[in-house]
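Quick note on labels: first sequence line is chain A, next is B, and so on, each numbered from 1.
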Amino acid sequence: MSDEDGVGDADGADGIDAATSADASDDHHDFWAEAVADEIEQRVVKQRETTDEASGEERPVSRDPDDPIVIKGGVSPSGVAHLGNVNEIMRGYFVAEVLRERGHEVRQVFTSDDRDPLRKLPRKLADADGNIVGLGEVDAGALGRNLGKPYTDIPDPFGEADSYAAHFAALLAADAERLGVDIEMYSNTELYEDGSFDPVVERVLADVDTAREVLSEYQAKADADYVPFNPICEDCGKLTETVTDIDLDAETVDYVCTDMEVGDETIEGCGHEGTATFREGKLPWRFEWPAQWQVLDVDFEPFGKDHAEGSWPSGVDIADTVLDIEPPEPMVYEWFTLNGETLSSSAGNIVTVPELLDLLEPEVIRYFFALNPTRARDLDLERLDQLVDDFDRFERAYYEGVDDDSLTAFAEAAYPHVVDEVADERPIRLPYTFAAVLGMVDDPTLREKLAHDEGHIPDDADEATVAAALARVEQARTWAERMDNAYNYRLQADLPETAFDDATTDALDSLAAVVADGADGETIQAAIYDTARDHDIEPGDLFEAGYRLFFDETQGPRLGEFLGDLEREFVVDRLRRER
RNA sequence: GGGCUGGUAGCUCAGUUAGGGAGAGCGUCUGGCUUUUAACCAGACGGUCGGGGGUUCAACUCCCUCCCAGCCCGCCA
């Protein structure tokens, strides 16, 4: 691109090629959200035109110029808000941000699909702070009695929120807030109860034959008796699926509360025969999703690969054929794996936003979700340092550029949306593993000194800058502890129990004398070798003795330089096994 | 069984939309920092771009086929 040598000289022959490629290179983007935003802009423009593109005929606009662009996400409140759910928030967020940057008004809405029935007991739940707890820590029996009922009709197992659904929705809203994403939460149940869905339910049931026909293309279930509406039994409170009559004028259905097959289990119906209004039940998901598009005027919705083959194609068809609305722009995101395995709350292979925020900054999480959504990727907590390093490099690419053009271009486009606010200068980022080394000591002053001596903190850094830089130390420390990895060492405040032979104790005493003389870190490092040799022991053994004394371990960080930074008297005393 | 998506260096990933030089970081190795002990610096090694076939002057990129992983094709979301 801006390669100046060679290319210019050869231009006589390449002039045509150059012009051609320049013409074709316009819709390239360095950040996927920009390409998606292009699609949405085209959709919006089309909807504002008064001339139908295909027929050339005049038509009423389907979109008011003042209408904001609506981006949606949504999940079923099934027990734990885990990092996989965050896809639904963050993928849309980046598209929203790009559109806002281009001057559009954008609403990011989020549905809690909370009229869905509880189908089986979750093995894990998350408490109000996002901590994962087992089913045994709550009243599982109470939950079991509520199988088949909408989440909004089930009490919060923690006894705090209004319902199971409310508890979960609060978790997700809190996660969004932690990540700095402003979403408008919608309760599906409320959309039914306040009548928002009435027109859609009426339309679907008024043309139930068409609805059935469309769905049958995608699902075997849509047989001759199938009615795409599930009333809530007024007697037992469970969702049921046997509708016997539809009264469009009264906006009610008659039903029999029959058994519902859920996987290999059966949720028993109570046999009650009753009548429910359109507000006392729900559309099956494949209809409910398009219903949400209509009611919330959705322009764009990212969804996981599980929807790509099943409910998306049928949803498009239903939107088109039954509801006569234009489906939103889609985007399929690949699922990521956690520690090499698929996310699974039942197997316990999940991580929540609060858990992750103990280990790294929110901008690193946002960075993770700014990466190419179509690529399957792994989040490896053992190697979290890699992710953080990648983020640091990405940040550096934004401020200074790096020798990887595609990364620099990606950073220029994406970085402003990944951080809360773009600072004037690149923030100080301690390398994550170095921060883990600093985490071996508790004294904040010493941490700062170590970071400064290593050249990570400039002399003129003010207090706030230093504090911000050192914040990562706590995170890396927590990481080292949770992973119990090679950085999980801790400077021992008290003298550990030791058993050294005479040669080693003599060597330690000699080394103590060197330190007492005022040796700096490098000198101490060299002195360890010299002293070992003088006392006829292996340097490795002396190092090990040092690690035993200071960390109560056999290994640790670079010992000489580390000791050089500690308080001299303390080091001397410890080497002499006195404290 | 059919379909969708993914598979690029030991690891994490760019690059594939638009065919032309296979890349980065980390790790590893070597060297430096007055002599192995995880922080710093430099360099090197490292890939049949999942396998095979085809189109093309030219293929990681397009086409076909096979392998692996996840998902969908029952229900539910």
Interatomic distance where [atom1] belongs to [X] and [atom2] belongs to [N] [whole Å]:
{"X": "A:Asp378", "N": "B:C13", "atom1": "CG", "atom2": "P", "answer": "6 Å"}
{"X": "A:Glu395", "N": "B:G25", "atom1": "CD", "atom2": "C1'", "answer": "15 Å"}
{"X": "A:Asp390", "N": "B:C26", "atom1": "CG", "atom2": "P", "answer": "10 Å"}
{"X": "A:Phe391", "N": "B:A14", "atom1": "CZ", "atom2": "C1'", "answer": "18 Å"}
{"X": "A:Asp404", "N": "B:A22", "atom1": "CG", "atom2": "C1'", "answer": "12 Å"}
{"X": "A:Gln386", "N": "B:U28", "atom1": "CD", "atom2": "P", "answer": "12 Å"}
{"X": "A:Tyr432", "N": "B:A39", "atom1": "OH", "atom2": "P", "answer": "17 Å"}
{"X": "A:Trp335", "N": "B:A77", "atom1": "CH2", "atom2": "C1'", "answer": "10 Å"}

Sorted by position of nearest nucleotide on RNA chain B, 5' first, the leading residue of A:Arg383 and A:Arg377 is A:Arg377
Nearest nucleotide by nearest heavy atom, which residue falls closer to the 5' end of RNA chain B, A:Asn485 or A:Leu407? A:Leu407
Interatomic distance at [atom1], [N] relative to [M], whole Å:
{"N": "B:G74", "M": "B:G2", "atom1": "C1'", "result": "15 Å"}
{"N": "B:A14", "M": "B:G47", "atom1": "C1'", "result": "15 Å"}
{"N": "B:U48", "M": "B:A44", "atom1": "C1'", "result": "23 Å"}
{"N": "B:G19", "M": "B:G25", "atom1": "P", "result": "28 Å"}
{"N": "B:G43", "M": "B:G27", "atom1": "P", "result": "15 Å"}
{"N": "B:A59", "M": "B:G21", "atom1": "C1'", "result": "14 Å"}
{"N": "B:C26", "M": "B:A9", "atom1": "C1'", "result": "12 Å"}
{"N": "B:U8", "M": "B:C68", "atom1": "C1'", "result": "15 Å"}

Touch class at under 4.0 angstrom, heavy-atom based, for [X] against every strand present:
{"X": "A:His456", "value": "nothing"}
{"X": "A:Gly556", "value": "base"}
{"X": "A:Phe410", "value": "nothing"}
{"X": "A:Glu288", "value": "nothing"}

Assess whether atom CD of A:Glu400 is packed by more than 12 heavy atoms of other residues, nucleotides or ligands within 6.0 Å.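 Count over threshold, so yes.
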Whether over 12 other heavy atoms sit under 6.0 Å from A:Glu190 CD: no
Would you say [X]'s side chain and [Y]'s backbone share a donor-acceptor pair under 3.5 angstrom?
{"X": "A:Arg286", "Y": "A:Gly315", "result": "no"}
{"X": "A:Asn188", "Y": "A:Thr111", "result": "no"}
{"X": "A:Arg429", "Y": "A:Ala469", "result": "no"}

With a 4.0 Å limit, can you tell me whether [X] has a side-chain N or O closer than that to the phosphate oxygens OP1/OP2 of [N]?
{"X": "A:Tyr333", "N": "B:C71", "result": "no"}
{"X": "A:Lys120", "N": "B:C76", "result": "no"}
{"X": "A:Arg286", "N": "B:C72", "result": "no"}
{"X": "A:Gln219", "N": "B:C76", "result": "yes"}

In Watson-Crick or G-U wobble terms, both distances under 3.5 Å, what is the partner of [N]?
{"N": "B:C11", "result": "B:G25"}
{"N": "B:C62", "result": "B:G54"}
{"N": "B:C76", "result": "none"}
{"N": "B:C40", "result": "B:G32"}
{"N": "B:G6", "result": "B:C68"}

Answer yes when A:Asp392 and A:Arg472 have at least one side-chain N-carboxylate O distance shorter than 4.0 Å, and no when they do not. yes
Closer than 4.0 angstrom, basic N to acidic O: yes or no for A:Arg548 and A:Glu553? no
Output the single nucleotide from [options] whose closest atom is nearest the side chain of [X].
{"X": "A:Ala526", "options": "B:U35, B:A39, B:A77", "result": "B:U35"}
{"X": "A:Arg558", "options": "B:A39, B:C71, B:G15", "result": "B:A39"}
{"X": "A:Arg533", "options": "B:U35, B:A38, B:G15", "result": "B:U35"}
{"X": "A:Asn372", "options": "B:A14, B:C33, B:G25", "result": "B:A14"}
{"X": "A:Asp389", "options": "B:C76, B:G70, B:C26", "result": "B:C26"}

For the residue pair A:Ala461 and A:Val466, what are the closest heavy atoms and their distance?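 Taking A:Ala461 first and A:Val466 second, the nearest heavy atoms are CB-CG2, 3.9 Å.
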Quick one: the side chain of A:Tyr489 and the base of B:A38, do they pair up donor-acceptor inside 3.5 Å?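 Answer is yes: a donor-acceptor pair is held.
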For A:Phe543, which residues count as a ring pair (Phe, Tyr, Trp, His ring centres under 6.0 Å) partner, sequence neighbours excluded?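 By the ring pair (Phe, Tyr, Trp, His ring centres under 6.0 Å) rule, A:Phe543 matches A:Tyr529.
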Anything under 3.5 Å between a protein N or O and an N or O of nucleotides 1-6 of chain B, put it in a table, one pair a line.
from	atom 1	to	atom 2	distance (Å)
B:G3	O2'	A:Glu309	OE1	3.3
B:C4	O4'	A:Glu309	OE2	2.8
B:U5	O2'	A:Glu334	OE2	2.2

Can you spot which of A:Gln42, A:Glu301, A:Glu41, A:Arg43 makes a side-chain contact (heavy atoms from CB on, under 4.5 Å) with A:Glu329?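 The residue from A:Gln42, A:Glu301, A:Glu41, A:Arg43 that satisfies side-chain contact (heavy atoms from CB on, under 4.5 Å) with A:Glu329 turns out to be A:Arg43.
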